[in-house]
Protein chains: 2
Amino acid sequence: MDKELCSYPELDKHGFTCPVELTMDVIGGKWKCIVIHQLLDGPKRFNELRRLMPKVTQRMLTLQLRELERDGLVARRIYNQVPPKVEYSLTEFGWELAPIVRSMMDWALKHADTVMEHRSQSLAKTQA
Amino acid sequence: MDKELCSYPELDKHGFTCPVELTMDVIGGKWKCIVIHQLLDGPKRFNELRRLMPKVTQRMLTLQLRELERDGLVARRIYNQVPPKVEYSLTEFGWELAPIVRSMMDWALKHADTVMEHRSQSLAKTQA
DNA sequence: CAGAATCCCCTAGGATACTG
DNA sequence: CAGTATCCTAGGGGATTCTG
(Lines give C-alpha, C1' and ligand atoms only; values in the text may rest on other atoms or scores of the structure.)
Protein backbone atom coordinates (compact mmCIF):
# COMPACT_ATOMS: atom_id res chain seq x y z
CA MET A 1 0.00 0.00 0.00
CA ASP A 2 1.40 3.34 -1.05
CA LYS A 3 1.99 5.48 1.96
CA GLU A 4 1.83 8.74 0.07
CA LEU A 5 -1.35 7.90 -1.75
CA CYS A 6 -3.17 6.57 1.22
CA SER A 7 -6.78 7.46 0.48
CA TYR A 8 -9.84 5.70 1.75
CA PRO A 9 -12.38 4.92 -0.99
CA GLU A 10 -15.15 3.98 1.43
CA LEU A 11 -14.71 7.26 3.20
CA ASP A 12 -14.26 9.90 0.54
CA LYS A 13 -17.23 8.35 -1.21
CA HIS A 14 -19.11 10.04 1.60
CA GLY A 15 -16.99 13.16 1.54
CA PHE A 16 -14.53 12.30 4.26
CA THR A 17 -10.85 12.69 3.53
CA CYS A 18 -9.60 10.94 6.63
CA PRO A 19 -10.98 8.25 8.94
CA VAL A 20 -10.54 10.46 11.96
CA GLU A 21 -12.74 13.03 10.29
CA LEU A 22 -15.59 10.55 10.20
CA THR A 23 -15.17 9.68 13.85
CA MET A 24 -15.18 13.35 14.80
CA ASP A 25 -18.32 13.82 12.78
CA VAL A 26 -19.96 11.11 14.87
CA ILE A 27 -18.71 11.95 18.37
CA GLY A 28 -17.51 15.49 17.86
CA GLY A 29 -20.55 17.24 19.24
CA LYS A 30 -19.85 19.25 22.33
CA TRP A 31 -21.66 16.83 24.64
CA LYS A 32 -21.82 13.53 22.79
CA CYS A 33 -18.78 11.91 24.33
CA ILE A 34 -19.94 12.91 27.77
CA VAL A 35 -23.36 11.40 27.15
CA ILE A 36 -21.73 8.19 26.01
CA HIS A 37 -19.43 8.26 28.99
CA GLN A 38 -22.42 8.49 31.30
CA LEU A 39 -24.23 5.72 29.47
CA LEU A 40 -21.24 3.40 29.88
CA ASP A 41 -22.44 3.23 33.45
CA GLY A 42 -25.84 1.93 32.40
CA PRO A 43 -29.15 3.23 31.01
CA LYS A 44 -30.18 6.65 32.18
CA ARG A 45 -33.35 8.68 32.12
CA PHE A 46 -33.46 12.10 30.55
CA ASN A 47 -33.40 14.15 33.71
CA GLU A 48 -30.91 11.80 35.21
CA LEU A 49 -28.52 12.75 32.42
CA ARG A 50 -29.27 16.39 33.02
CA ARG A 51 -28.31 16.06 36.64
CA LEU A 52 -25.12 14.29 35.67
CA MET A 53 -24.31 17.02 33.17
CA PRO A 54 -25.22 20.26 34.90
CA LYS A 55 -23.83 22.50 32.20
CA VAL A 56 -25.81 21.20 29.26
CA THR A 57 -29.20 22.72 28.52
CA GLN A 58 -32.10 20.36 27.94
CA ARG A 59 -32.39 21.57 24.40
CA MET A 60 -28.80 20.65 23.68
CA LEU A 61 -29.11 17.35 25.47
CA THR A 62 -32.11 16.51 23.34
CA LEU A 63 -30.37 17.45 20.13
CA GLN A 64 -27.24 15.49 20.91
CA LEU A 65 -29.26 12.46 21.94
CA ARG A 66 -31.21 12.64 18.68
CA GLU A 67 -28.03 12.63 16.67
CA LEU A 68 -26.62 9.74 18.63
CA GLU A 69 -29.88 7.95 17.99
CA ARG A 70 -29.74 8.74 14.30
CA ASP A 71 -26.28 7.23 14.05
CA GLY A 72 -27.46 4.11 15.82
CA LEU A 73 -25.31 4.60 18.89
CA VAL A 74 -27.99 5.26 21.45
CA ALA A 75 -31.38 3.64 21.94
CA ARG A 76 -34.39 5.48 23.27
CA ARG A 77 -36.91 3.46 25.16
CA ILE A 78 -40.24 4.99 26.00
CA TYR A 79 -42.27 3.60 28.87
CA ASN A 80 -45.90 4.31 28.22
CA GLN A 81 -46.96 5.71 31.55
CA VAL A 82 -47.83 8.87 33.38
CA PRO A 83 -45.63 10.64 34.22
CA PRO A 84 -43.56 9.76 31.19
CA LYS A 85 -40.41 7.76 31.51
CA VAL A 86 -37.78 7.59 28.83
CA GLU A 87 -34.61 5.66 29.12
CA TYR A 88 -31.49 6.11 27.04
CA SER A 89 -28.94 3.37 26.63
CA LEU A 90 -26.04 2.43 24.43
CA THR A 91 -26.81 0.12 21.57
CA GLU A 92 -24.47 -2.71 20.73
CA PHE A 93 -23.02 -0.44 18.12
CA GLY A 94 -22.69 2.33 20.63
CA TRP A 95 -20.62 0.10 22.86
CA GLU A 96 -18.04 -0.01 20.10
CA LEU A 97 -17.18 3.52 21.15
CA ALA A 98 -16.36 2.49 24.68
CA PRO A 99 -12.61 2.10 24.08
CA ILE A 100 -12.37 5.58 22.64
CA VAL A 101 -14.34 7.26 25.40
CA ARG A 102 -12.53 5.34 28.08
CA SER A 103 -9.18 6.29 26.70
CA MET A 104 -10.35 9.90 26.64
CA MET A 105 -11.22 9.59 30.29
CA ASP A 106 -7.92 8.00 31.21
CA TRP A 107 -6.05 10.64 29.33
CA ALA A 108 -7.81 13.46 31.12
CA LEU A 109 -7.25 11.99 34.55
CA LYS A 110 -3.56 11.56 33.82
CA HIS A 111 -2.86 14.82 32.07
CA ALA A 112 -5.34 17.42 33.23
CA ASP A 113 -2.81 19.31 35.31
CA THR A 114 -0.22 19.27 32.55
CA VAL A 115 -2.69 20.82 30.15
CA MET A 116 -3.57 23.49 32.64
CA GLU A 117 0.07 24.26 33.26
CA HIS A 118 0.74 24.71 29.58
CA ARG A 119 -2.27 26.95 29.25
CA SER A 120 -1.35 29.23 32.10
CA GLN A 121 2.23 29.40 30.89
CA SER A 122 1.32 30.43 27.38
CA LEU A 123 -1.15 32.89 28.86
CA ALA A 124 1.61 34.38 30.98
CA LYS A 125 3.69 34.93 27.87
CA THR A 126 1.00 36.89 26.07
CA GLN A 127 0.50 38.96 29.19
CA ALA A 128 4.18 39.84 29.36
CA MET B 1 -15.19 5.72 46.38
CA ASP B 2 -18.81 6.69 46.18
CA LYS B 3 -20.16 5.93 42.78
CA GLU B 4 -22.97 8.44 42.99
CA LEU B 5 -20.77 11.25 44.17
CA CYS B 6 -17.98 10.64 41.76
CA SER B 7 -16.64 14.14 41.19
CA TYR B 8 -13.15 15.07 40.16
CA PRO B 9 -11.63 17.80 42.34
CA GLU B 10 -8.68 18.40 40.01
CA LEU B 11 -11.06 18.93 37.15
CA ASP B 12 -13.92 21.00 38.46
CA LYS B 13 -11.32 23.25 40.02
CA HIS B 14 -10.85 24.31 36.41
CA GLY B 15 -14.53 24.25 35.57
CA PHE B 16 -14.77 20.77 34.13
CA THR B 17 -17.47 18.48 35.40
CA CYS B 18 -16.23 15.35 33.72
CA PRO B 19 -12.84 14.11 32.54
CA VAL B 20 -14.12 13.55 29.05
CA GLU B 21 -15.09 17.19 28.92
CA LEU B 22 -11.49 18.22 29.44
CA THR B 23 -10.29 15.92 26.70
CA MET B 24 -12.88 17.28 24.31
CA ASP B 25 -11.77 20.77 25.18
CA VAL B 26 -8.25 19.82 24.14
CA ILE B 27 -8.88 17.79 21.00
CA GLY B 28 -12.45 18.81 20.18
CA GLY B 29 -11.61 21.37 17.54
CA LYS B 30 -12.86 20.47 14.11
CA TRP B 31 -9.41 19.69 12.75
CA LYS B 32 -7.22 19.02 15.76
CA CYS B 33 -7.50 15.26 15.77
CA ILE B 34 -6.78 15.15 12.08
CA VAL B 35 -3.69 17.27 12.51
CA ILE B 36 -2.50 14.97 15.26
CA HIS B 37 -3.29 11.98 13.13
CA GLN B 38 -1.13 13.36 10.36
CA LEU B 39 1.69 14.18 12.74
CA LEU B 40 1.71 10.61 14.03
CA ASP B 41 3.36 9.88 10.72
CA GLY B 42 6.18 12.30 11.44
CA PRO B 43 6.91 16.04 11.37
CA LYS B 44 5.17 18.01 8.65
CA ARG B 45 5.56 21.41 7.14
CA PHE B 46 2.67 23.83 7.00
CA ASN B 47 1.76 23.41 3.37
CA GLU B 48 2.35 19.73 3.62
CA LEU B 49 -0.42 19.59 6.19
CA ARG B 50 -2.61 21.68 3.94
CA ARG B 51 -2.16 19.23 1.12
CA LEU B 52 -2.98 16.35 3.43
CA MET B 53 -6.09 18.16 4.64
CA PRO B 54 -7.62 19.68 1.52
CA LYS B 55 -10.76 20.86 3.23
CA VAL B 56 -9.21 22.98 5.93
CA THR B 57 -8.48 26.61 5.17
CA GLN B 58 -5.05 27.93 6.02
CA ARG B 59 -6.53 30.27 8.54
CA MET B 60 -8.20 27.40 10.37
CA LEU B 61 -5.09 25.26 10.17
CA THR B 62 -3.08 28.06 11.71
CA LEU B 63 -5.57 28.56 14.51
CA GLN B 64 -5.82 24.89 15.36
CA LEU B 65 -2.05 24.53 15.32
CA ARG B 66 -1.71 27.49 17.65
CA GLU B 67 -4.10 25.94 20.14
CA LEU B 68 -2.33 22.60 19.98
CA GLU B 69 0.89 24.48 20.59
CA ARG B 70 -0.60 26.37 23.50
CA ASP B 71 -1.62 23.10 25.13
CA GLY B 72 1.86 21.72 24.67
CA LEU B 73 0.88 18.99 22.25
CA VAL B 74 2.56 20.26 19.12
CA ALA B 75 5.96 21.87 18.64
CA ARG B 76 6.68 24.47 16.01
CA ARG B 77 10.18 24.59 14.67
CA ILE B 78 11.26 27.52 12.56
CA TYR B 79 14.18 27.15 10.20
CA ASN B 80 15.71 30.54 9.65
CA GLN B 81 16.02 30.60 5.90
CA VAL B 82 14.49 31.98 2.76
CA PRO B 83 12.02 30.82 1.74
CA PRO B 84 10.76 30.13 5.24
CA LYS B 85 10.46 26.62 6.50
CA VAL B 86 8.38 25.68 9.50
CA GLU B 87 7.96 22.19 10.76
CA TYR B 88 5.28 20.95 13.09
CA SER B 89 5.71 17.85 15.18
CA LEU B 90 4.17 16.14 18.15
CA THR B 91 5.77 16.82 21.49
CA GLU B 92 6.31 14.03 23.94
CA PHE B 93 3.12 15.16 25.58
CA GLY B 94 1.36 15.16 22.25
CA TRP B 95 2.30 11.54 21.73
CA GLU B 96 0.19 10.72 24.76
CA LEU B 97 -2.79 11.31 22.51
CA ALA B 98 -1.72 8.66 20.05
CA PRO B 99 -3.84 5.87 21.56
CA ILE B 100 -6.95 8.00 21.38
CA VAL B 101 -6.42 9.14 17.81
CA ARG B 102 -5.45 5.67 16.68
CA SER B 103 -8.55 4.17 18.23
CA MET B 104 -10.58 6.85 16.47
CA MET B 105 -9.03 5.78 13.20
CA ASP B 106 -9.61 2.10 13.83
CA TRP B 107 -13.18 2.76 14.75
CA ALA B 108 -13.85 4.71 11.58
CA LEU B 109 -12.32 2.09 9.33
CA LYS B 110 -14.40 -0.61 10.95
CA HIS B 111 -17.68 1.18 11.25
CA ALA B 112 -17.92 3.84 8.57
CA ASP B 113 -20.44 1.93 6.50
CA THR B 114 -22.59 1.13 9.51
CA VAL B 115 -22.81 4.80 10.40
CA MET B 116 -23.76 5.69 6.87
CA GLU B 117 -26.43 3.02 6.79
CA HIS B 118 -27.97 4.30 9.98
CA ARG B 119 -27.92 7.84 8.63
CA SER B 120 -29.57 7.02 5.35
CA GLN B 121 -32.14 4.90 7.13
CA SER B 122 -33.14 7.62 9.55
CA LEU B 123 -33.18 10.06 6.66
CA ALA B 124 -35.54 7.77 4.74
CA LYS B 125 -37.91 7.81 7.68
CA THR B 126 -38.14 11.57 7.82
CA GLN B 127 -38.73 11.61 4.08
CA ALA B 128 -41.64 9.19 4.35
C1' DC C 1 -41.16 13.95 33.31
C1' DA C 2 -39.51 14.70 28.94
C1' DG C 3 -39.65 17.20 25.83
C1' DA C 4 -41.12 20.86 21.61
C1' DA C 5 -41.20 25.69 20.10
C1' DT C 6 -39.30 30.35 19.87
C1' DC C 7 -36.21 33.73 19.99
C1' DC C 8 -31.72 35.24 20.02
C1' DC C 9 -26.70 35.59 20.20
C1' DC C 10 -22.08 34.62 19.54
C1' DT C 11 -18.27 32.67 17.59
C1' DA C 12 -16.28 28.86 15.17
C1' DG C 13 -15.15 28.77 10.88
C1' DG C 14 -15.02 30.17 5.69
C1' DA C 15 -13.46 33.43 1.68
C1' DT C 16 -10.44 36.56 0.04
C1' DA C 17 -6.59 39.56 -0.13
C1' DC C 18 -2.09 40.99 1.40
C1' DT C 19 3.11 40.26 3.19
C1' DG C 20 8.03 39.24 5.11
C1' DC D 1 6.58 29.38 2.04
C1' DA D 2 4.06 30.37 5.85
C1' DG D 3 1.64 32.91 7.41
C1' DT D 4 -1.43 37.74 8.97
C1' DA D 5 -5.40 40.83 8.34
C1' DT D 6 -10.31 41.66 7.26
C1' DC D 7 -14.66 40.73 6.51
C1' DC D 8 -18.64 37.93 6.81
C1' DT D 9 -22.07 34.26 7.76
C1' DA D 10 -24.13 29.75 9.03
C1' DG D 11 -25.31 27.32 12.73
C1' DG D 12 -23.98 25.78 17.25
C1' DG D 13 -25.64 26.76 21.32
C1' DG D 14 -28.18 29.45 25.26
C1' DA D 15 -32.52 31.23 27.75
C1' DT D 16 -37.18 31.07 28.21
C1' DT D 17 -41.80 29.56 27.68
C1' DC D 18 -45.25 26.13 26.78
C1' DT D 19 -47.32 21.13 26.77
C1' DG D 20 -48.96 16.04 26.64
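Scope of the values below: all heavy atoms of this structure, side chains included, with no hydrogens, waters or symmetry mates. Order of the sequence lines sets the chain letters (A, B, ...), proteins ahead of strands, with each chain counted from 1.
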Under the side chain to side chain contact (heavy atoms under 4.5 Å, CB included) test, which residues partner [X], sequence neighbours left out?
{"X": "B:E67", "answer": "B:K32, B:R70"}
{"X": "B:D106", "answer": "none"}
{"X": "A:Q81", "answer": "A:Y79, A:K85"}
{"X": "A:P43", "answer": "A:E87, A:S89"}

Expressed in angstrom and rounded to an integer, what is the separation of A:Y88 atom OH from C:dC1 atom P?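 It works out to 14 Å between those atoms.
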Short side-chain N/O contact from A:R50 to OP1 or OP2 of C:dG3, under 4.0 Å: no
Along DNA chain D, first and last positions that approach a heavy atom of chain A under 4.0 Å: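 Going 5' to 3' along DNA chain D, contacts run D:dG13 to D:dG20.
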Could you check whether any side-chain N or O of [X] sits under 3.5 Å from a backbone N or O of [Y], counting only pairs where one atom can act as donor and the other as acceptor?
{"X": "B:E48", "Y": "B:R45", "answer": "yes"}
{"X": "A:E69", "Y": "A:R66", "answer": "no"}
{"X": "A:T91", "Y": "A:G72", "answer": "yes"}

Using the C1' atoms of the five pairs at each end, what is the angle between the end axes of the helix from C:dC1-D:dG20 to C:dG20-D:dC1, to 10°? 60°
Treating primed atoms plus P, OP1 and OP2 as sugar-phosphate and everything else as base, which nucleotides of nucleotides 5-19 of chain C get B, S or - for protein heavy atoms under 4.0 Å? -B------BBB-B--
Any side-chain hydrogen bond (donor to acceptor under 3.5 Å, both in side chains) involving residues 51-62 of chain B? Give me the pairs, sequence neighbours left out, ordered by first then second residue. A:E21-B:K55
Contacts table for residues 95-105 of chain B: side-chain donor-acceptor under 3.5 angstrom, sequence neighbours left out:
residue, atom, partner, partner atom, Å
B:E96, OE1, A:H111, NE2, 3.2
B:S103, OG, B:P99, O, 3.1
B:S103, OG, B:I100, O, 2.7

Provide the full list of ring-ring contact (aromatic ring centres under 6.0 Å, His included) pairs with a residue in residues 10-56 of chain B, sequence neighbours left out, each pair given once.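 For residues 10-56 of chain B, and leaving out neighbouring residues, there are no ring-ring contact (aromatic ring centres under 6.0 Å, His included) pairs at all.
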Let me see the working for A:L61 and A:R50 under side chain to side chain contact (heavy atoms under 4.5 Å, CB included), right down to the final yes or no. CA-CA 8 Å; A:L61 183 55; A:R50 289 195 66 187; 3.5 Å; yes
Checking all strands, does B:R76 fall into the base, sugar-phosphate, or nothing category for heavy-atom contacts under 4.0 angstrom? sugar-phosphate
How far apart are the closest heavy atoms of B:M24 and A:G29, and which atoms are they?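 B:M24 and A:G29 have their closest heavy atoms at CE-O, 4.1 Å.
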Contacts to DNA chain D from residues 77-86 of chain B, heavy-atom cutoff under 4.0 Å, which residues?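 Correct list: B:P83, B:P84, B:K85, B:V86.
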All salt bridge (Lys or Arg N to Asp or Glu O under 4.0 Å) counterparts of A:D25, not counting sequence neighbours: B:R119
